[in-house]
2 protein chains.
Amino acid sequence: MKKVAFYGKGGIGKSTTAANVSAALAEKGHLVCQIGCDPKNDSTRLLLGKACAQTVLDMVRQNGDEVTTEQVVHTGFAGVKCVEAGGPEPGVGCAGRGIIVALEKLKLLQAITDEHFVLYDVLGDVVCGGFAVPIREGYATDIYIVSSGELMSLYAANNIAKGVARFSGRGRARLGGIIGNSRNIANERELLCEFAEKLNTRLVAFIPHDRSVQQAEIRRKTVIELAPHSRQADVYRRLADYIVENTALTVPTPMSLAELEELSLTYG
Amino acid sequence: MKKVAFYGKGGIGKSTTAANVSAALAEKGHLVCQIGCDPKNDSTRLLLGKACAQTVLDMVRQNGDEVTTEQVVHTGFAGVKCVEAGGPEPGVGCAGRGIIVALEKLKLLQAITDEHFVLYDVLGDVVCGGFAVPIREGYATDIYIVSSGELMSLYAANNIAKGVARFSGRGRARLGGIIGNSRNIANERELLCEFAEKLNTRLVAFIPHDRSVQQAEIRRKTVIELAPHSRQADVYRRLADYIVENTALTVPTPMSLAELEELSLTYG
Ligand SMILES: Nc1ncnc2c1ncn2[C@@H]1O[C@H](COP(=O)(O)OP(=O)(O)O)[C@@H](O)[C@H]1O
Ligand SMILES: Nc1ncnc2c1ncn2[C@@H]1O[C@H](COP(=O)(O)OP(=O)(O)O)[C@@H](O)[C@H]1O
Ligand code: SF4
Ligand SMILES: [Mg+2]
Ligand SMILES: [Mg+2]
């Protein structure tokens with residue numbers, strides 16, 4: 001079982017990319033489970049065709065010890081298993097708490113056993129509390145950071161790299177690469193390439209900003225489902241193949257803020 | 001003393017807007033203190049001309065009970081007092097913890113007494129732990145949410161509104177308005193106007209996306225300092241005046257995700 005996590009700034013494209021990669025893997029015959037760990041609770045929306053109505057935290061609050069696997073693991077496009085961790089209301093408790101509760105409950109239920117791939121989709125604006133758990137507690141071993149060339153996104157990516165580096169002694173999480181998701185910034189690919197190298201990893205994909213993504217999203221589908229013969233679908237398939245075969249996992253070397261700004265100015 | 005907080009999605013323009021508003025207020029003769037409550041620790045960068053070297057959490061870790069006001073309150077452009085809460089390393093503890101520690105320490109030191117305005121600049125991606133404290137514990141009474149017309153930004157703004165509504169019974173925090181910070185989205189001003197009304201508040205400013213902001217940022221200054229006669233400087237001054245005089249504070253009425261998406265589709 002390969003245990004992958006996609007981290008990145010909120011809104012950068014983690015869920016869209018994750019859902020398309022999950023769909024591509026399932027299309028090839030792999031058994032896949034995607035687990036959303038983001039307060040937006042919509043990681044699996046493009047696979048289920050709707051927002052998940054039963055997060056793990058919802059079910060735990062409602063049914064306590066009576067929670068069953070069927071209540072929290074839903075089946076989506078191409079048979080992809082879909083889980084949404086859930087979390088507390090804004091202003092209440094810890095936004096990452098849903099993740100902690102969900103991952104422990106899934107472990108207890110032995111809900112994920114035969115899958116070839118588990119893909120965690122995790123918010124990376126703040127790498128604290130529950131959001132750090134997939135890295136810290138070894139739920140994920142292959143960490144990919146989704147980023148555009150915008151400074152705000154690189155800043156978050158660098159912080160996630162700090163988290164991976166911090167726990168590399170204790171856990172098994174390593175950085176598999178940077179997944180570029182374009183926002184049409186000037187010299188974006190080159191910028192992301194150099195950023196990845198400075199972090200002791202590499203740019204493993206550069207996903208174009210493409211209208212097909214919005215068109216599919218409005219219909220609550222992945223590009224793999226709506227436009228299977230499109231070039232964008234092939235980009236996601238190539239990324240899926242890369243993740244399957246990638247064994248070049250590293251301990252990242254995060255950079256200073258000054259280096260980040262300088263990098264941004266060089267290419268911008 | 002008017003206690004204002006700017007909330008909003010990370011990267012949406014809170015610090016830039018806050019620093020320019022603080023500078024505008026100070027220019028008019030007000031005594032202002034700006035307190036950064038964001039793990040980026042750069043809220044006051046445009047007022048100090050550099051990143052704050054001594055956050056409150058840094059000083060508490062280093063000096064414990066020996067922390068003095070002078071160590072944590074720094075003076076910037078036009079005499080604006082600058083404080084940076086600070087926070088733990090990525091992956092460690094609670095990202096909001098710096099805010100909790102900082103606000104209690106400032107209260108203990110009686111560090112902010114004569115100011116006419118205190119302006120909290122707070123991350124709004126996750127409204128939990130320390131990030132909820134300015135709303136929940138009444139450190140701020142006038143909450144403004146900085147937002148563009150992008151769905152991701154509106155989603156965060158709506159969550160912040162949920163936090164304000166939640167604690168309106170217990171604390172004194174109320175919503176003063178939405179500060180539009182343009183990302184050049186189609187029909188953005190109209191979209192933000194309707195969004196604000198649905199939230200039971202109003203759009204109190206619509207700040208153009210302007211090159212002068214980047215030009216000033218590269219020099220680590222506010223537009224008020226670098227281009228005092230520009231139109232953009234006047235936009236910030238008008239917003240500062242509005243905040244001084246605004247007494248129309250409301251309990252927000254957050255919307256559902258479906259309503260948010262529909263709003264976004266209507267104008268997009
Ligand atoms: N390659 C892309 N091209 C165009 N739009 C994209 C692309 N990737 C993501 N998006 C859009 O960006 C928005 C945020 O994506 P999402 O996957 O929800 O981000 P996250 O999960 O990181 O918060 C969505 O509206 C999505 O359709
Ligand atoms: N009105 C604007 N026009 C152009 N650029 C802006 C504007 N407001 C903010 N920015 C830029 O957007 C980026 C993020 O702004 P910042 O204030 O740091 O966001 P936040 O504090 O919300 O994280 C900065 O590079 C800033 O210069
Ligand atoms: S640990 Fe992180 S997610 Fe949990 S309350 Fe603190 S800031 Fe929020
Ligand atoms: Mg997501
Ligand atoms: Mg900021």
Side-chain angles (χ1 to χ4, degrees), chain A residues 7 9-13 38-42 45 50-51 87-97 123-133 135-136 150-153 155-156 158-168 170-171 173 214 217-218 220 254 256-258 261 264-265 268, chain B residues 7 9-13 38-42 45 50-51 87-97 123-133 135-136 150-153 155-156 158-168 170-171 173 214 217-218 220 254 256-258 261 264-265 268:
Chain A
Y7 272 80
K9 185 166 174 55
I12 207 62
D38 184 316
K40 281 212 266 121
N41 292 337
D42 64 357
R45 187 166 161 273
K50 59 175 178 129
E89 277 304 301
V92 183
C94 171
R97 186 168 164 269
L123 184 72
D125 286 273
V126 288
V127 193
C128 57
F131 300 116
V133 163
I135 293 171
R136 207 179 61 219
E150 296 158 301
L151 180 58
M152 302 287 118
S153 169
Y155 181 90
N158 192 54
N159 272 354
I160 295 154
K162 285 185 187 180
V164 177
R166 179 173 212 101
F167 295 114
S168 54
R170 150 180 176 174
Q214 265 87 46
E217 176 172 55
I218 288 177
R220 287 181 236 119
S256 69
L257 178 59
E261 290 182 326
S264 194
L265 283 169
Chain B
Y7 273 80
K9 186 166 174 54
I12 207 62
D38 184 315
K40 280 211 268 122
N41 293 337
D42 65 356
R45 187 166 161 273
K50 57 174 180 130
E89 277 305 299
V92 183
C94 172
R97 187 169 163 265
L123 183 72
D125 286 272
V126 288
V127 192
C128 56
F131 300 116
V133 162
I135 294 172
R136 207 178 62 219
E150 296 158 300
L151 180 59
M152 302 288 118
S153 170
Y155 181 90
N158 193 55
N159 272 355
I160 295 154
K162 285 186 188 181
V164 177
R166 179 173 213 101
F167 295 114
S168 53
R170 150 179 177 175
Q214 264 88 46
E217 176 172 55
I218 286 176
R220 287 180 236 120
S256 69
L257 178 59
E261 290 182 324
S264 194
L265 283 170

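Keep in mind that this is a model prediction, so the values were computed, not measured. Heavy-atom basis, side chains included; hydrogens, waters and symmetry copies ignored.
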Side chain, backbone, both or neither: which part of [X] has an atom under 4.5 Å from a heavy atom of chain A?
X      : answer
B:E261 : side chain
B:D125 : side chain
B:K9   : side chain
B:L265 : side chain
B:I135 : neither

Return the set of residues passing side chain to side chain contact (heavy atoms under 4.5 Å, CB included) with B:V127 (not counting sequence neighbours), or none when no residue passes. A:P90, B:A132, B:I160
Is the shortest side-chain heavy-atom distance between [X] and [Y] below 4.5 Å?
X      : Y     : answer
B:L257 : A:N41 : no
B:V164 : B:Y7  : no
A:E217 : A:R45 : yes

Could you check B:L123 against B:K40 for side chain to side chain contact (heavy atoms under 4.5 Å, CB included), going step by step and ending with a plain yes or no? CA-CA 9 Å; B:L123 183 72; B:K40 280 211 268 122; over 6 Å; no
Examine whether an atom of A:L151 lies under 4.5 Å from a heavy atom of chain B, and if so say whether it belongs to the side chain, the backbone or both; otherwise answer neither. neither
